[in-house]
Amino acid sequence: QVQLVESGGGLVQAGGSLRLSCAASGRTFSLYNMGWFRQAPGKEREFVAGISWSGGATSYADSVKGRFTISRDNAKNTMYLHMNSLKPEDTAIYYCARRNGASIGQTLSDYDYWGQGTQVTVSS
């Protein structure tokens, strides 16, 4: 059983920065592609960013490209999301998830394990 635990969320002013972390249990973290999703109130959960098992390939939603950076440290079983130039529309619960396939998927069904989420609130 894989457990994913997000942390690092909080309240920040527009233009500010946050770094989210996703800590994974088990010994297989380095074998899997991983992703970040978010869900704003009243909206569907959406893809934010994904990263390959080695960290050599990444993918971003257009809405965060150039502002967010996804990374991972396989030695620490941890994935990160560095968020800069935050906007009020970035307010959401952010989830990390494990990809169950070879590519960096962008749909919910591409991922099999999910964390409980961490709240990010950006004030204007």
Side-chain angles (χ1 to χ4, degrees):
Q1 185 76 5
V2 174
Q3 287 190 324
L4 302 173
V5 179
E6 302 94 338
S7 61
L11 174 64
V12 63
Q13 288 188 332
S17 299
L18 280 176
R19 187 186 77 165
L20 305 184
S21 298
C22 172
S25 65
R27 301 181 179 180
T28 60
F29 175 77
S30 63
L31 302 180
Y32 289 88
N33 299 343
M34 299 288 294
W36 286 99
F37 286 74
R38 68 186 180 186
Q39 188 166 16
K43 295 188 177 181
E44 294 184 351
R45 194 171 299 190
E46 63 176 3
F47 173 79
V48 174
I51 189 166
S52 64
W53 63 271
S54 67
T58 57
S59 177
Y60 296 93
D62 288 343
S63 59
V64 306
K65 214 171 278 186
R67 300 187 298 121
F68 290 10
T69 302
I70 188 172
S71 63
R72 66 190 296 164
D73 185 338
N74 286 340
K76 296 182 178 180
N77 273 19
T78 302
M79 176 178 66
Y80 304 97
L81 186 67
H82 304 256
M83 305 186 294
N84 297 320
S85 302
L86 282 161
K87 304 175 181 180
E89 51 263 44
D90 294 318
T91 295
I93 299 174
Y94 284 71
Y95 300 89
C96 67
R98 191 186 79 169
R99 171 77 166 105
N100 62 357
S103 63
I104 299 175
Q106 298 192 358
T107 60
L108 273 66
S109 60
D110 291 333
Y111 293 79
D112 56 0
Y113 285 96
W114 295 80
Q116 84 291 346
T118 186
Q119 176 71 48
V120 171
T121 303
V122 184
S123 63
S124 57

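Along the sequence shown, residues are numbered consecutively beginning with 1. Since this is a predicted model, take the numbers as computed values, not measurements.
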Engineer: Would you call the rings of Y94 and F68 parallel, tilted or perpendicular, taking 30° and 60° as the class edges?
Structural biologist: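 It falls in the tilted class, 30° to 60°.
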Engineer: Would you say that more than 12 heavy atoms from the other residues, nucleotides or ligands in this model lie under 6.0 Å from the CD of Q39, or not?
Structural biologist: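 Above 12, so yes.
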Engineer: When rounded to the nearest 0.5 angstrom, what is the spacing between OG1 in T78 and CG in L20?
Structural biologist: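 If I round to the nearest 0.5 Å, the distance is 12.5 Å.
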Engineer: Which atom names give the shortest non-hydrogen contact between V120 and G9, and what distance separates them?
Structural biologist: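 Looking at all heavy atoms of both residues, the shortest contact is CG2-CA, 4.1 Å.
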Engineer: Supply the atom-to-atom distance K87 NZ to S124 OG, rounded to the nearest 0.5 angstrom.
Structural biologist: 14.0 Å
Engineer: Pair L108, W114 - check side chain to side chain contact (heavy atoms under 4.5 Å, CB included), show working.
Structural biologist: CA-CA 10 Å; L108 273 66; W114 295 80; 4.1 Å; yes
Engineer: Does the R99 side chain pair with the main chain of D110, one donor and one acceptor, at a distance under 3.5 Å?
Structural biologist: yes
Engineer: Quick one: closest heavy-atom pair of S103 and N33, and the distance?
Structural biologist: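 Scanning both residues, the minimum pair turns out to be O-ND2, 3.0 Å.
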Engineer: Work out which heavy atom in D90 is nearest to a heavy atom in V122; give both atom names and the distance.
Structural biologist: CB-CG2, 4.3 Å
Engineer: Distance from Q119 atom CD to R38 atom CZ, nearest 0.5 Å?
Structural biologist: 12.0 Å
Engineer: First locate atom SG of C96, then atom CD1 of I70, and finally report the distance between them rounded to the nearest 0.5 Å.
Structural biologist: 9.5 Å
Engineer: So which atom in C22 and which in M34 form the shortest heavy-atom distance, rounded to 0.1 Å?
Structural biologist: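 In terms of heavy atoms, the two residues are closest at SG-CE, 4.4 Å.
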Engineer: Would you say W36 and E6 make side-chain contact, with heavy atoms under 4.5 Å?
Structural biologist: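 Counting from C-beta outward, W36 and E6 do come under 4.5 Å.
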Engineer: Locate the shortest heavy-atom distance separating S71 from H82; write the atom from each residue and the value.
Structural biologist: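 S71 and H82 have their closest heavy atoms at OG-NE2, 3.4 Å.
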Engineer: Hey, could you give me the CZ/CH2 distance between R98 and W53, rounded to the nearest 0.5 Å?
Structural biologist: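 Spacing of CZ (R98) from CH2 (W53) equals 15.5 Å.
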Engineer: What do the steps show when you test Y32 against Y113 for side chain to side chain contact (heavy atoms under 4.5 Å, CB included), and what is the final call?
Structural biologist: CA-CA 11 Å; Y32 289 88; Y113 285 96; over 6 Å; no
Engineer: Dump the intermediate steps for side chain to side chain contact (heavy atoms under 4.5 Å, CB included) on M83 and V48, then the final yes or no.
Structural biologist: CA-CA 11 Å; M83 305 186 294; V48 174; over 6 Å; no
Engineer: Check whether N77 reaches the backbone of G26 with its side chain - one donor and one acceptor, N or O, closer than 3.5 Å.
Structural biologist: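 Present.
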Engineer: Answer yes or no: does atom NZ of K43 have more than 12 heavy-atom neighbours from other residues, nucleotides or ligands under 6.0 Å?
Structural biologist: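 Incorrect, the count does not exceed 12.
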Engineer: Out of curiosity, I51 CD1 to S59 OG, how far, rounded to the nearest 0.5 Å?
Structural biologist: 11.0 Å
Engineer: Are R67 and S63 close enough that a side-chain donor and a side-chain acceptor fall under 3.5 Å?
Structural biologist: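 Short answer, no.
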Engineer: Taking the side chain from R72 and the backbone from F29, do they hold a donor-acceptor pair closer than 3.5 Å?
Structural biologist: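 A pair under 3.5 Å: yes.
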Engineer: Show, in sequence, the C-alpha distance, side-chain angles and deciding distance for T69 and Y60, and conclude whether the side chain to side chain contact (heavy atoms under 4.5 Å, CB included) test is met.
Structural biologist: CA-CA 8 Å; T69 302; Y60 296 93; 3.8 Å; yes
Engineer: Report yes if some heavy atom in the side chain of Y80 is under 4.5 Å from a heavy atom in the side chain of D73; otherwise report no.
Structural biologist: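 Answer yes - side chains close enough.
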Engineer: Looking only at heavy atoms, which two atoms of I104 and G50 are closest? And how far apart?
Structural biologist: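 It is CG2-CA, 3.5 Å.
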